[in-house]
Amino acid sequence: MTEEIIIAGFGGQGVLSMGKILAYSGIMQDQEVSWMPAYGPEMRGGTANVTVIISDERINSPVLNAYDTAIILNQQSMNKFEETVKPGGVLLYDPNGISKHPTRTDINIYQVEAAAEAARLKVGKSFNMVVLGAYLKIKPIVEHENVIKGLKKSLPERYHHLIPMNETAISSGEKIVKQTQKA
Amino acid sequence: MKGNEAMAEAAIRCGADGYFGYPITPQSEVLEYFMAEEPWNRTGMVVLQAESEIAAINMIYGGASTGKKVLTSSSSPGISLKQEGLSYLAGAELPCVVINVVRGGPGLGDIQPAQSDYFQSVKGGGHGDYKLFVIAPSSVQESADFVKKAFDIAFKYRIPALILSDGAIGQMMEKVELFEQEERLTDEQVIEKYGSWATTGKTADRERNIITSLDLIPERLEDHNKQLQAKYKKIEENEIMFEEIHCDDADHIIVAYGTSARICQKTVQLAREKGIKLGLMRPITLWPFPKKKIAEYGDTKKGIPTPDEVLTAFEKHFM
């Protein structure tokens, strides 16, 4: 099994940390992982993205131009990454702030209203965990308990009391994700 | 762990005595990691943010002169600033480790990964006829392991060793297994091991150890240079490292190092799936370079395509 993912959105949405939690979850179940961020100007405002690869085998290239899954959280990223999903692959996005919805017909498209859900649950900072929940519902590549272990590993200890809140966010993401197109 | 962080942790674990550096993207996590980790509490290692790259490399000159295990790190423009110091270190035969997390050039370039410092690295970089031991990791695991390797070679041959990483390897996170903490040498151990050349304090039974790269007597400087060249020859004979992936039955072999080698491995995988017999030769030490090995391919293989991240430099070097 090899899953190649791009997660893209605005800086501050938790794009990089969501990737980190996924990567750590993979490590927790003894898989090979790589986490390759776009750094530099992207980190200083504007768009942010990270390539995460989780695999049973040794990972060769950490940079890719086609992905099994694209998780898209703003319009700029939609413009850039819709084309990079492999045919038959998955595009998961939050329609909040998206003016031009994806148009490809050869991929599976899912929506998760994560921003709205996070606001409703009053867990604004766990927005990315709602998205992660949605992704794991579509592709349960890492087990729930390993995600929690991954969370613990990537969060500094002083934030560990927030883990239950993140778990709530993950499970609500699992519930509200909906498929809008089948490949 | 990020590649940059892995190198910093590896330096602490292999018992380094001092780090002197100055921040620059995409290398800043090295210094940041040291500051967060506070190795002065763990092993007594000194960490200092110098006022500039030039100051840092000269602190390395000072530290290395006393037989201490010292390292510095920077990225391309900062490494250019260090070249004068590197030349002096090579001339004075001082062991040290320098990390270059390469970014685009020339000039300030950009902050994306690049391999364009290849020539500077393998030719020495500064003035005078000297070499650095140059080793190029292609994973976070190797980033950690090669810090130890670089120190070993540096002290074995009294030569500055350069770890040639890049923005991709430095910034990416992968699984890494770290080696156990090794003790720092005590002052007594340093005197015992390196007292024959280092400035550890003159004792009655020996002459003064003088660390210098200046020799105004032409004949003596010539002898010194001949001795340096003999040392480089020995390193070329003994310390070459490379990795071959699917080379045995390959019709064509890609030659690539570092990040490019990782990407080319994917290319090899895709080509093999289509029945194309492609192999990958990854030089790990860039100086000494495995040129003999590559020359051997010339007799049996049909061709050697080379990735263009390095553009002119890499290709022309051995073609």
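Bear in mind that the values here come from a model prediction, so they are computed numbers and not experimental data. Letters A, B, ... mirror the listed sequences (proteins, then strands); counts begin at 1.
- When each of E174(B), M173(B), K175(B) is paired with S34(A), the side-chain contact (heavy atoms from CB on, under 4.5 Å) condition holds for E174(B) and for no other.
- A 6.0 Å sphere centred on NZ of K149(A) holds more than 12 heavy atoms belonging to other residues, nucleotides or ligands.
- Put simply, NZ on K266(B) and CD on E4(A) are 4.0 Å apart, with the number rounded to the nearest 0.5 Å.
- At a 4.5 Å heavy-atom cutoff, I53(A) makes no contact with chain B through either its backbone or its side chain.
- More than 12 non-hydrogen atoms from other residues, nucleotides or ligands lie less than 6.0 angstrom from CZ of F34(B).
- Residue K153(A) places its NZ atom among 12 or fewer non-hydrogen atoms of other residues, nucleotides or ligands, all under 6.0 Å distant.
- Taking CE of M1(B) as the start and CH2 of W35(A) as the end, the distance is 13.5 Å to the nearest 0.5 Å.
- The environment of CD in E177(B) is sparse: at most 12 heavy-atom neighbours from other residues, nucleotides or ligands sit within 6.0 Å.
- Between the OG1 atom in T51(A) and the CE atom in M172(B) there is a gap of 11.0 Å [rounded to 0.5 Å].
- Of the residues considered (V52(A), I27(A), L64(A)), I27(A) shows the highest number of contacts with chain B, using heavy-atom pairs under 4.5 Å.
- Within the 4.5 Å cutoff, no side-chain heavy atoms of R262(B) are placed close to those of V63(A).
- Atom OH of Y159(A) has 12 or fewer heavy atoms from other residues, nucleotides or ligands within 6.0 Å.
- More than 12 heavy atoms of other residues, nucleotides or ligands sit less than 6.0 Å from atom CG of D249(B).
- The line from CD of E32(A) to OG of S139(B) is 10.0 Å long, rounded to the nearest 0.5 Å.
- Counting heavy atoms of neighbouring residues, nucleotides and ligands inside a 6.0 Å radius, atom CG of D56(A) exceeds 12 of them.
- Here the shortest heavy-atom pairing between Q265(B) and N60(A) reads CB-CB, 3.5 Å.
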